[in-house]
Amino acid sequence: MFDRQKKGDRAILVLPHSRGEGDAVRRGEEFAELVASAGAEILTSIPARVEAPNPRFYIGSGKAEEVAEAVRALEADLVLVDHVLSPVQERNLEKHLKARVVDRAGLILDIFAQRARSHEGKLEVELAQLKHLATRLVRGWTHLDAQRGGAIGNRGPGETQLETDRRLLAERVKMLTKRLEKVQVQRDQQRRARLRNTVPRVALVGYTNAGKSTLFNALTTGGVYAADQLFATLDPTVRKVDGLSCGPAVIADTVGFIRELPHDLVAAFRATLAEARDADLLIHVSDAADEERELLARVVNEVLEEIGAGDVPQLSVMNKVDLVDTAPRIDRGDDGKPRQVWLSAATGIGVDGLREALGELLGGDRIRAGLELPLSAGRLHARLKAAGAIAGEAVDEHGWHLDIDAPRSVLAPLLGDDVHAGSLRDLIDPPHAGH
């Protein structure tokens with residue numbers, strides 16, 4: 001056995017790949033970026049071809065010995081494997097290499113733990129970490145293995161300690177789940193309030209480091225932290241966007257997606273992902289300078305399918321056009337509607353084109369007309385005002401005289417069960433339309 005060091009970030013990277021895997025180089029570079037984001041010092045990278053995973057180590061025994069020699073020669077204290085390992089494989093590698101072993105899922109969880117800022121984000125990360133740790137709890141007690149036999153008279157402190165740890169971990173998971181449910185109720189109330197206000201909802205999605213937060217700041221005054229690193233921001237941020245032809249909208253910045261995102265993390269980050277699932281439109285941001293942008297876009301769409309947002313309409317945005325010497329523009333589909341916008345969020349060129357495209361897609365048919373409401377229709381008047389549908393108004397003893405200027409899609413949800421919505425219904429769907 002060996003004593004696992006609690007500190008030390010001198011790392012060796014192990015990069016498994018198969019013979020037919022064409023993006024092995026890109027995966028290796030991305031994993032190195034993840035490691036750098038976590039703050040570890042990379043000593044060397046060791047590729048490992050894996051056609052049939054070794055049940056004991058995942059990588060072959062010969063490759064495991066090569067990694068062990070590198071650990072000894074470079075005095076590494078951490079081995080990071082670019083693949084999800086089973087608890088048994090992770091433990092066996094630690095015994096063989098005599099160094100800490102962290103797989104891809106554990107590394108991503110560690111980065112999320114460093115970056116979460118909000119109370120909710122921290123709870124979500126801790127919950128995902130505890131679920132990941134539950135199957136690996138035995139690793140911390142390897143020095144008690146000999147005392148953990150199942151025979152009578154051989155039940156030592158190892159078993160007692162593990163049982164205690166598992167019980168404490170289960171209690172903590174239960175408590176975190178309850179806290180998150182309470183926070184989720186609050187977020188659902190906020191989301192329902194936005195729905196009642198009928199303000200169109202937009203969510204930014206895309207592969208991590210594609211420039212979503214920079215674009216979010218360019219469209220709003222959000223002041224969201226943006227940096228050239230993976231998972232720069234985790235916590236969901238929602239801001240209002242003004243100046244669109246369709247009227248005001250709200251836009252949410254969401255966590256970036258990545259290949260093989262841990263399922264526990266996807267389940268835990270319900271708040272961020274719900275912003276994408278409940279949106280009226282997704283802005284799918286891609287790095288125009290990335291040669292593999294189509295592959296990464298497929299990864300994003302796979303995650304969207306997994307969280308139930310696969311059917312939400314998308315507007316593609318090709319960001320960082322300043323790096324590929326491409327002019328900003330709007331590409332339109334056969335129906336004439338915006339399909340793709342080319343821009344640079346960092347320099348601001350083309351952002352006005354995105355505003356134009358959003359106005360068209362969110363606005364649809366715009367209705368500009370007068371509307372008479374009796375004084376007893378105060379609830380409907382308040383909802384029209386909250387939706388930004390009133391361009392001008394006057395009031396007298398007969399009621400309100402309103403100038404309506406809003407997209408049909410904004411006005412339609414206001415009908416509801418309001419007994420005074422008849423005149424508004426005639427504006428949205430005139431009785432003799434089409435006759």
Side-chain angles (χ1 to χ4, degrees), residues 115-122 124 183-184 186-206 208-227 231-257 269-285 300 304 307 309 312-317 319 338 341 343-363 385-389 406-407 409-410 413:
R115 302 283 168 75
R117 292 291 178 266
S118 70
H119 173 65
E120 179 183 16
K122 290 176 181 178
E124 289 171 325
V183 175
Q184 185 66 28
Q186 295 172 347
R187 281 204 170 270
D188 287 343
Q189 290 173 345
Q190 294 170 358
R191 193 172 291 112
R192 283 196 295 270
R194 293 202 300 271
L195 285 171
R196 284 196 300 271
N197 289 339
T198 67
V199 178
R201 294 151 294 151
V202 180
L204 288 166
V205 298
T208 185
N209 208 28
K212 296 185 306 302
S213 295
T214 304
L215 182 57
F216 182 87
N217 290 334
L219 286 170
T220 71
T221 56
V224 171
Y225 176 70
F231 301 121
T233 53
L234 300 181
D235 300 314
T237 306
V238 180
R239 293 288 185 272
K240 186 178 179 181
V241 180
D242 292 310
L244 304 179
S245 61
C246 64
V250 292
I251 186 167
D253 186 21
T254 66
V255 64
F257 298 153
F269 268 72
R270 292 177 299 175
T272 296
L273 301 176
E275 297 294 347
R277 188 173 58 248
D278 297 339
D280 298 307
L281 177 69
L282 299 179
I283 299 178
H284 186 158
V285 184
V300 172
L304 290 173
I307 65 175
V312 180
Q314 289 189 19
L315 171 64
S316 173
V317 168
N319 190 24
V341 179
L343 54 78
S344 170
T347 64
I349 60 172
V351 174
D352 287 341
L354 176 59
R355 289 178 175 275
E356 177 185 341
L358 288 176
E360 290 186 40
L361 293 175
L362 296 175
K385 195 163 189 175
S409 59
V410 169

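Index from 1, following the sequence.
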**Study point:** Heavy-atom pair with the smallest gap, counting every atom of Leu219 and Arg355
**Key:** O-NH2, 2.9 Å
Check your understanding: Who pairs with Asp280 by side chain to side chain donor-acceptor pair (under 3.5 Å), at least two apart in sequence or on another chain?
Key -> Arg201
Review point. Is any side-chain heavy atom of Pro248 closer than 4.5 Å to a side-chain heavy atom of Val241?
Key: no
Exercise for review: Mind listing the closest non-hydrogen atom pair of Lys212 and Gly206 along with its distance?
Suggested key: CD-N, 3.4 Å
Practice item. Work out which heavy atom in Leu315 is nearest to a heavy atom in Ala357; give both atom names and the distance. Key: CD2-CB, 4.0 Å
Exercise for review: Taking the side chain as every heavy atom from C-beta outward, state whether Asp253 and Thr220 have any pair of such atoms under 4.5 Å apart.
Suggested key: no
Revision key, fill the gap. In short, Val341 meets Leu354 closest at the heavy-atom pair CG1-N, 3.9 Å
Check your understanding: Is the shortest heavy-atom distance from the side chain of Gln314 to the side chain of Leu304 under 4.5 Å?
Key -> yes
Practice item. For Ala218, enumerate each residue passing the side-chain contact (heavy atoms from CB on, under 4.5 Å) test, keeping only those at least two apart in sequence or located in another chain. Key: Val351
Study note, to complete from the structure: The side-chain contact (heavy atoms from CB on, under 4.5 Å) partners of Pro313 (sequence neighbours excluded) come to Leu281
Point to revise | Val317 vs Leu204 side-chain heavy atoms within contact, under 4.5 Å | key: no
Review point. With Ala210, which residues qualify under side-chain contact (heavy atoms from CB on, under 4.5 Å), at least two apart?
Key: Val285
Point to revise | Ser344 to Thr347 - nearest heavy-atom pair and separation | key: OG-OG1, 2.9 Å
**Study point:** For Val312, side-chain contact (heavy atoms from CB on, under 4.5 Å) partners two or more places apart
**Key:** Leu282, Ala309
Review point. Given side chains that start at C-beta, do those of Arg239 and Val250 come closer than 4.5 Å, heavy atoms only?
Key: no
Review point. What closest approach, in Å, do Ile283 and Leu215 show between heavy atoms, and which atom pair accounts for it?
Key: CG2-CD2, 4.4 Å
